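Below is one structure, written out as structure tokens, with a few remarks after it.
For ligands, and for the atoms within them, numbers begin at 1 and follow the listed sequence. Quantities reported herein were computed from a predicted structural model and do not represent experimental measurements.
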Amino acid sequence: MQQRIKLILLPILLTLISLVILKLAQDQWQSWRSIIRDLPLWLLPITAVIAFQFNRSRLAYLSFLFLIYYAVERSFISDSQLLQQYAQPVFITGCLILTYLSLIKDRILFSIFGLINLVAIIICLFVSALLVHLINNNTDQLINTLPWVITPEDLVFIPWFICLSAIMIRSIQDVTLTTTATAISFLLWSIEYFQPMLFPSAMLFIIVSTIYLLSILFDSYALAYRDELTGLPSRRALYNLVLSLGPKYTVAMSDIDHFKKFNDTYGHDVGDQVLKLVSSKLSKISGGGKVFRYGGEEFTIVFPRKSAEETLNHLETVRQTIEDYQIILRDEKRKKGDKKSRSQASNTNKTVSVTISIGAANKVRGENFEHALKQADIALYKAKKQGRNQVCI
Ligand SMILES: Nc1nc2c(ncn2[C@@H]2O[C@H](COP(=O)(O)OP(=O)(O)OP(=O)(O)O)[C@@H](O)[C@H]2O)c(=O)[nH]1
């Protein structure tokens, strides 16, 4: 749930807030109009290249297609009738492409997948031309069968609504910043068509580029500083934190007991499940402890401004929580099986529990972080030797 708030709701909310602020501050940026008008012509290609470099092929496609759209729109700005004439098919094409790109995965641009995507984009173009043709030729019939349709122009809401629903469902299913960025593009694309007077297109495409660049930046940050399996900050993030630590802190090393045996008994996949659950319990440690996956089944906890004695209660509480926690092993058959096997599986779910050992050490004056880490490791070794499932300092 937290992940959904962070990766879907927050970016959408921030975009909406930015739009409101931009609208309210309209008078201020009006004087920058000529710069704003040119900015997408620089920003969109830069975004496309960066997205391509970072293997975000979907964002690269979108930046490139928006660039073409914006460049064409700018060059035909004087011929407003021509723009009007093609507005509907162009809008539906955009909706279809955005929906298609939100449904697929990022693939290498110059590969067979790149070719497939290119063909799919061309198909979107034809489908939208066909749709508009069908709508225009069957307007009367459609209006009679669909009583809630008010004018022929409103018929565009049908494909739009289908695409919107598909994108929304996809955003909930595939919680990534790229999917959210595609959903936000759809929102801005809809504003561009339904409310063209609200914002100049240039402003919308500047926002689109900014969102793409930010999503690439945050994704890369997460890749560099977060452990993929557990979602905890990685060892690299730990060494980043060390740079900001003051003279007083405590380092604790924690390790799951007999994890090799656990893996051998239940398999590596179940081991992974347990690692995730232990990480989630550890990450809720009290006392301001910051938890990192050090590697394998080892975790490091840093308590800034606390002595080892002051952290004992917090470490003991988390150790006890993990010991008491009954882990329900998900039956793999259940995920793939039919209804019958699912109900059988729910009765055969096994519960297991694991314990952890923890060693903690103070940062000693005149010594560095490595020294504190080594002392914590020695304390952990002591906890293991004394029978495991305990905290030692
Ligand atoms: N499932 C899974 N296992 C891992 C992962 N990383 C490390 N391991 C396993 O963790 C186990 C660590 O085993 P050991 O270092 O021998 O320690 P232990 O069995 O936990 O025994 P003690 O620490 O002495 O209690 C090895 O079997 C590794 O394969 C991982 O990401 N997933």
Item to complete: Indicate yes or no: does an N/O atom of Ile256 lie under 3.5 Å from an N/O atom of ligand 1?
Response: yes
Worksheet item: Are any of the N/O atoms in Arg293 less than 3.5 Å from those in ligand 1?
Response: yes
Fill in: Side-chain H-bond candidate by donor/acceptor type, Tyr100 with Asn117, under 3.5 Å
yes
Discussion item. Suppose we measure from atom 29 (O) of ligand 1 to each protein heavy atom; which comes out shortest, and what is that distance?
Written reply: Asn263 ND2, 4.0 Å
Item to complete: List in chain and number order the residues that pass ring pair (Phe, Tyr, Trp, His ring centres under 6.0 Å) with Tyr193, two or more places apart in sequence or in another chain; answer none if no residue qualifies.
Response: Phe91
Worksheet item: Relative to atom 19 (O) of ligand 1, which among Lys384, His268, Lys260 owns the nearest non-hydrogen atom?
Response: Lys260
Worksheet, complete the sentence: With heavy atoms and a 4.0 Å threshold, my read on which part of Leu275 contacts ligand 1 is side chain
Item to complete: Please confirm whether Tyr70 and Phe205 have ring centers closer than 6.0 angstrom.
Response: yes
Worksheet item: Which ligand 1 atoms does Arg388 reach within 4.0 Å, using its non-hydrogen atoms?
Response: 22 (P), 24 (O), 25 (O)
Worksheet, complete the sentence: Any heavy atom of Asp272 under 4.0 Å from ligand 1? The part involved is both
Worksheet item: Can you list the atoms of ligand 1 that are under 4.0 Å from a heavy atom of Gly271?
Response: 1 (N)
Worksheet item: Mind checking whether Trp160 and Phe157 have ring centres under 6.0 Å apart?
Response: yes
Worksheet item: Honestly curious: do Leu187 and Leu103 fall in one hydrophobic cluster under the side-chain, below-4.5 Å linking rule?
Response: no
Worksheet item: Below 3.5 angstrom, do we get any N/O pair linking Phe259 and ligand 1?
Response: yes
Fill in: Polar contact flag, side-chain donor to acceptor under 3.5 angstrom, Ser357-Asp257
yes
Worksheet item: At what distance is the nearest protein heavy atom to atom 15 (O) of ligand 1, and which residue and atom is it?
Response: Glu297 OE2, 4.2 Å
Practice prompt. Mind jotting down which residue pairs meet the side-chain hydrogen bond (donor to acceptor under 3.5 Å, both in side chains) criterion with at least one end in residues 367-376? Sequence neighbours excluded, please.
Written response: none
Worksheet item: Which atoms of ligand 1 sit under 4.0 Å from any heavy atom of Asp257?
Response: 25 (O)
Worksheet entry | Proximity of Lys385 to ligand 1 by residue part, where a heavy atom lies under 4.0 Å | neither
Discussion item. Tell me the protein heavy atom at minimum distance from atom 7 (C) of ligand 1, and give that distance in Å.
Written reply: Gly296 CA, 3.5 Å
Worksheet item: Is there a donor in the side chain of Ser283 and an acceptor in the side chain of Ser280, or the other way round, less than 3.5 Å apart?
Response: no
Worksheet item: Does a side-chain N-to-carboxylate-O contact under 4.0 Å join Asp174 and Lys105?
Response: no
